[in-house]
Structure formats: structure tokens, C-alpha cells
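What follows is a set of notes on a single structure, which appears directly below.
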Amino acid sequence: MVERKKQMSRDRVSRLVNWGHWFAFFNGFLAMLVGSRYLSTVGYPETWFGWGYLAVSTIGQFSFLAFIVYLVCLFPLTLILPYSKILRGVAAFIATISLCILLYDTIVYADYGLHLSPFAFDLAWADLSALLHGTSYIVTPIAIALIELTAANFLWKRIDKIQRLQLGNKVLAVVGICFVSSHLVHIWADAADITEITRFDETYPLSYPATARSFMESHGIDGAPQTEEEVNRLNSTLNYPTEPLQCQADSKPNVLLLTIDSLRADMVDAKTMPFLTQFMQQNQNFTEHFSGGNQFKSGMFALMYGLQGSYGDARVFNTTRPVLTETFKQAGYQLGLFIGESNMNQRSAQAMFSDFNAKIAVETNGSADADLHSAASFTEWQGQQTVPWFALVNLKAPENFDTPVGFLGIETVKPTNPLKPAQKVLFNQYRQSLNFIDKQLESIVTQLPKDTLVVITGVNGKVFTSNTDEAMRNLSPESVKVPMVIHWPNPVAAKVNYRTSHYGLVPTLMTHVLGCTNNTSDYSAGRSLLQPNQETWIYIGDSRIFAIYQQHEVTVIDRHGKYRIYDEQFERRLRKKMSAPELIEVMREGRRLYNH
């Protein structure tokens, strides 16, 4: 009798386990239907090969997620409470909650481009009223719960018939093959740089497709280059500019953009940089100006494209040129670029300088020596021009605290703020480098034609450390607040005290030089530097780590959604929750130009 009861108990548990597997498979199918909403955000495949990969990836991923939920939540309950009525109700409840979370994740992903995380949840919770419309947030969970209860009872009543069909192993084999094959195909696509496949990498939640790029590169196997057809498909995902440009330049002054790597605003003074100090006093000086990032890649991207650094890593910009340089070229300007070889190779968007005729300075003898060659090359080039020109001269010496051999420099001084011994050395060496750059600026600017519009700014700021990782993570004012001064052909001295950023340079030149009448939002994240910005925040950084500079605080966020909040001087960390409204605007701006 006891043995018979044990056998009946084992049979009941076995039947419940079989039922649980089929219930999980059913919910995997429902999850696929809900998950199809992700595709409306990232766009659908355009080839049969892309559809094939997406099909096996979708089946494998959502079946896997459904099985994990079953294994973690339902399977233990099957062993503890082997009673079908209780288990069916609990299973329907868990499945409803899981599908509602998935549905909510699709909404958050469509609006912010993020899957649910503590950061994304805080962001979405603050914007809940905008995300959840009408009464759907009440009706939908009720409808899902009714479907789940119906399915749970239907499967339980027919579980014996389903078992006799012996479909379990076949279904398991199909799901397993889909799961494994999707990863194998992705390994190949990642190595061969097949964007039709890899662009779906972050589409589904908890999806970590296998890659083999580092393995293949270590064995000397390089990814295949993109075909022209693939590039065109990739470009179709970006809407930049959002409207056709309407531009007609009345006058065509020469335009010189002088950018200096690692130029801190608070280090420009009469002793260190006497020429630039005087130049700022005599022209339009923007005293509260911020770069688009703390590195050359993000800072220069913001200057040339006028877009947030979150766009900088997108492969589409390897073939998408800045509207600024395209418009200058269409207006009949000659474009010249004078830059060191390392910065030319470090640009985030490969098409950033495609419209320029480039003069690249080698850095065999250091960045200061390369800067001398860049300055001399520009002076020679501009003297040969017979039509209006737009030139970009990039100087790098301050990034490496470099000066040329034999440079005398200036006397050392005591830092105004307390520094460690090693930082004191870097502080004064940095001043020597700035003094060298000041002399280059003077030699360039004093030889320009009178009708030249001159812009001098820092690409990014500088912190006194030789640790590159520390410098990359630091988003304090020292690393992002830079000088910005504009000399117009009819100069007027003016000190601009409202806050500006690199995002405003493109709209300024497009509007006031090239005569573009479009709304600046058609091609930029900023507004003209000549107009006070309406936004209460500035995005600084890239897609890996960035800071949101608000009026009275700075929020630093990494790509995992972890964030810290500091006071406006970055001197102490604030123990508070982030301010969501500005961050919601930031996330939407970072996805505004993508077609959905």
C-alpha cells in the first residue's frame, strides 16, 4: 500500500512536470509574439538571410527564457506542492507577471533604447504616465491572465493525449537546434562583420550572442569588409538630417576652426597663454562652454556632427559624413584638414573627415613637433587658396604634456589647488605645453586674411594623471569645460555667460555662415551659440560612460545603468535619486535620428 502511494505520488509529479514543460513552451510562444514589438524599434531584416537568423534567434531566445522561468519558479513548486489546482493557478500568475514585465520592457526599449535595469526602471517609473496610455495597462494584464488560466487548464486536461503523440523530444530538438545555430551563425557574422545580423545583438532582453572576433583576430583572421549594399542598408536606419537642408550663403567668409586637445578653460591666463587670453578679451568669449566628451573621439564628434556622443559608436557614421562639411563643400568652399596621425586614426566616425583634403603630420618626434608641421602646412595651404575655404587645424601637444626640443617656456608657479607631488610636475609641464600652443595660435591667426571667421576651442579638458583609464572615467569640469571663442569678420568684444556646448558650433556655422534656414534640430542636438539654450542639461561622453550636466548637479552613468550624482563642482557625491525628466529627454535625444 505504501509503495503504491509512493508510485502514485511519483506519477502525479511526473505528470505535473510534463505539463510544466508544455506550459513553458506555450509561454515561450506567447513571449515571441510580445517580443515581436522589439522589431518595430530596431527595424525589420531586409534579406531572407536576416529573416532566417532572426527566426532561429527568436525561437531559441524566448524558449530559453520561458524554460528558465519554469525551472526557477515552477519546478521547485512542483516538488514541494504537487497539487495540480494550486500549481495551475500559481503558474498562470507567474506567467502573467513575466509576460507583463516583458511587455513593459518592450515599451521602455522603444522609448529609451534600454532594457529594464535599476537605472532604466527608475527612468521609466518617473515617466510612467507617458509610457502607459489609456486603460491598456489594466485590460492587458487581465487578458493575459485569462489566456494563461485557459491554457493551463487546457494543457492539464489533455496532457495524456499530448504525451502519447511523443512530440516532446522533437520540440526540444527543434528549440535546441535553433538556440545553438543562432549562436553559431552569430559567431560567423561577428567575425565577418555582417551587420544584417549583428545589429540585432541587443534587441532581445538577456541576450548575449556568442562572438569569436577576438579568437579569430588572434589567429590572424580578419572580418570581411562591408559591401556597398550592406552599407546602404545600414545607412537606411539613420535619419540625418531629418529634413532636406535649405541653405543659401550670402557672403562666404573664410572659416578656420582651431581645436586643441586637452585645453582646460581654467588654465588659460595671461601668464600661460597671453595671446589666447587677449584674443578672448577682444572677441566673443563663451565663458561657460562644455565639450561633448572628455576624450578626442567624443569631443571631436560633437564638434563636427553636433550630435550626442551616444551616436559616435554607431557603425553607420563610418559612411555618414557631417552635414557641416558637406554643406561647406556644396557652397563652393575648399576644405583643408591639418591633424596629427594618431588623432586621424582615433576618430570615432570614419567618415568624419572624408570631405577634407587632409595634411597628416607624423608624430615620430612627438606631438609638439607634429603640431609645428600642422601649423606650417596650414599657413602654406591658406596662402595658396583662391576661393573661400574652411580649415580645421587640430593641435595635440597638451594631451601628452609635450613641448618641442629647445623650447624655453615659462617659469613654474604654485598650483592654486592642492596637488600631489606627481600632479604638481604634470601641472607645470602642462603649462609649458599650453604656452607652446599659444605661440602656434599666434603665428597662425596673425597671418590670416581679414575676412576670416576664427573659432578657437578645446576638444576636451584635462586631468593631471598619466593613468589613461582614470582619465577616461573622469567627467569632472576639469576634463570637459573648455574655452570657446569666435572672431567674426567684424569683431565685437563680448563675454557670453550662459552655458554653451560643442553641440552648438554646427548650428552656429550652418545658420550664420552657410545661411541654412532649417530648424537646428533637423541636423543637431544643439542650438546656435548665439542663443541661450533652452535645455537644462548637457550630455557629455559616449555610449560607454557619460555625464548629464544639469543646473545644480552632475549625474554620471555607465553602460550598465549604474549612476552616481555629484554637486555642480564635482567635489562631493550626493546621496539622492536622479532627476528623471532631464534624463528622459537625454535618452530620447540619443535615439531621435534613428528610423523606427
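Treat the numbers as computed from the prediction; the structure is a model and nothing was measured.
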Got a second to check how far [X]'s [atom1] is from [Y]'s [atom2], nearest 0.5 Å?
X	Y	atom1	atom2	answer
T412	Q432	OG1	CD	7.5 Å
K495	M280	NZ	CE	8.5 Å
F546	I540	CZ	CD1	12.0 Å
H552	T536	NE2	OG1	10.0 Å
L395	T259	CG	OG1	7.0 Å
L263	S433	CG	OG	10.0 Å

Do [X] and [Y] have side-chain N/O donor and acceptor atoms under 3.5 Å apart?
X	Y	result
K424	N428	no
S476	N474	yes
T325	D355	yes

Can you name the residues that form a side-chain contact (heavy atoms from CB on, under 4.5 Å) with [X], not counting sequence neighbours?
X	result
R527	T520, N533, E535
N254	P388, W389, P449, D451, T452
N400	S367, K396, D402

So, does [X] use its side chain to make a donor-acceptor pair with the main chain of [Y] at under 3.5 Å?
X	Y	result
N435	T272	yes
S262	P398	no
T277	D269	yes

Kindly check if the number of other-residue, nucleotide or ligand heavy atoms within 6.0 Å of [atom1] ([X]) is above 12?
X	atom1	value
N490	CG	no
M344	CE	yes
R564	CZ	no
Q384	CD	yes
Q278	CD	no
H373	NE2	no

Handout entry: Pairing of K329 and E326 as salt bridge, 4.0 angstrom limit
Key =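 Judged by the 4.0 Å cut-off on N to carboxylate O distance, K329 and E326 do not form a salt bridge.
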
Mind listing the side-chain donor-acceptor pairs of residues 358-366 below 3.5 Å, one per line with the distance, residues two or more places apart or on another chain?
| unit_1 | atom_1 | unit_2 | atom_2 | d |
| --- | --- | --- | --- | --- |
| E363 | OE1 | S342 | OG | 3.1 |
| E363 | OE2 | E341 | N | 3.2 |
| E363 | OE2 | S342 | N | 3.0 |
| E363 | OE2 | S342 | OG | 2.7 |

Handout entry: CA sep, side-chain torsions, deciding dist, call: F301, D542, side-chain contact (heavy atoms from CB on, under 4.5 Å)
Key = CA-CA 10 Å; F301 182 84; D542 52 30; over 6 Å; no

Is there side-chain contact between [X] and [Y], with at least one heavy-atom pair below 4.5 Å?
X	Y	answer
K271	I410	no
F401	K462	yes
L530	Q284	yes
L245	Q330	no

Problem - side-chain contact (heavy atoms from CB on, under 4.5 Å) evaluation trace for E553 with L574 - result: CA-CA 9 Å; E553 62 188 46; L574 305 179; 4.2 Å; yes

Exercise for the section: Test side-chain contact (heavy atoms from CB on, under 4.5 Å) on N518 and T242 and set out the steps. Expected result: CA-CA 10 Å; N518 294 66; T242 58; over 6 Å; no

Exercise for the section: Using the test side-chain hydrogen bond (donor to acceptor under 3.5 Å, both in side chains), find all partners of S348 that sit at least two apart in sequence or belong to another chain. Expected result: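 Per chain and number, S348 pairs via side-chain hydrogen bond (donor to acceptor under 3.5 Å, both in side chains) with no residue.
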
Exercise for the section: Measure from the ring center of Y240 to the ring center of Y311 and say whether it is less than 6.0 Å. Expected result: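 No, ring centres 6.0 Å or more apart.
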
Exercise for the section: Please list all pairs passing the ring-ring contact (aromatic ring centres under 6.0 Å, His included) test where one or both residues lie in residues 328-370, with sequence neighbours left out. Expected result: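 Every pair satisfying ring-ring contact (aromatic ring centres under 6.0 Å, His included) with a residue in residues 328-370: F328-Y333, F328-F390, F338-F378, F338-W381, F356-F390.
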
Exercise for the section: Specify whether Y549 and F290 have parallel, tilted or perpendicular ring planes, treating 30° as the upper limit for parallel and 60° as the lower limit for perpendicular. Expected result: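 Ring orientation, 0 to 90° scale: tilted.
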
